[in-house]
Amino acid sequence: SFVVEGVSAQDISVLLDLQGVAVRAGHHCTMPLHDHLGISASCRASFYLYNTEEEARHFADSLATILPKLR
């Protein structure tokens with residue numbers, strides 16, 4: 001899970017989706033933790049054994065591409 005200060009988790013999620021990357025945005029059943037940390041929502045990228053290195057790179061590259069547009 002991650003948060004980008006000053007950027008909406010939902011906006012990140014939508015723009016990553018347009019790049020073919022699926023992440024979840026919201027509370028992820030951790031609303032008390034979010035409240036404690038003072039954040040309204042976070043994004044969560046889930047990786048598992050079946051994900052390839054290429055998919056991980058695509059996620060990182062896509063995130064690097066969209067963040068300058070959101071700041």
Side-chain angles (χ1 to χ4, degrees):
S1 295
F2 62 96
V3 174
V4 178
E5 189 173 339
V7 180
S8 162
Q10 185 65 32
D11 289 347
I12 293 171
S13 176
V14 168
L15 290 180
L16 284 176
D17 182 55
L18 293 173
Q19 298 290 319
V21 177
V23 298
R24 294 184 182 260
H27 294 123
H28 320 295
C29 299
T30 61
M31 189 179 262
L33 176 61
H34 281 134
D35 288 343
H36 177 74
L37 296 174
I39 59 175
S40 60
S42 63
C43 287
R44 186 181 78 212
S46 299
F47 293 91
Y48 194 62
L49 297 174
Y50 49 75
N51 290 106
T52 65
E53 190 174 326
E54 181 180 323
E55 290 170 328
R57 273 199 206 104
H58 181 63
F59 163 72
D61 292 345
S62 296
L63 188 60
T65 298
I66 67 159
L67 285 182
K69 297 174 185 178
L70 294 170
R71 291 187 174 154

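Sequential numbering from 1 along the given sequence is applied to the chain's residues.
- Put simply, the side chain of L16 reaches to within 4.5 Å of the side chain of F59, judged on heavy atoms.
- Considering all non-hydrogen atoms of both residues, H34 and G26 come closest at CE1-O, 3.4 Å.
- The two residues S1 and R44 make their nearest non-hydrogen contact at OG-CG, 3.5 Å.
- Under the 4.5 Å side-chain contact rule for hydrophobic residues, L37 and V3 share a cluster.
- Listed by first and then second residue, the side-chain hydrogen bond (donor to acceptor under 3.5 Å, both in side chains) pairs that reach into residues 11-28 are H28-S42, sequence neighbours excluded.
- In the hydrophobic clustering (ILVMFWY side chains linked at under 4.5 Å, chained through shared members), Y48 is joined by L49, Y50.
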Donor-acceptor list for residues 63-71 side chains, cut-off 3.5 Å, not counting sequence neighbours:
{"from": "T65", "atom 1": "OG1", "to": "D61", "atom 2": "O", "distance (Å)": "2.9"}

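- Screening residues 46-56 for salt bridge (charged side-chain N to carboxylate O under 4.0 Å, His left out), with sequence neighbours left out, gives E53-R57.
- Scored by the side-chain contact (heavy atoms from CB on, under 4.5 Å) test, A41 finds A9 as partners (sequence neighbours excluded).
- Note that the OG atom of S62 and the CD1 atom of I12 stand 12.5 Å from one another [nearest 0.5 Å].
- In this structure, CZ in F47 is found 9.5 Å from OG1 in T52, a value given to the nearest 0.5 Å.
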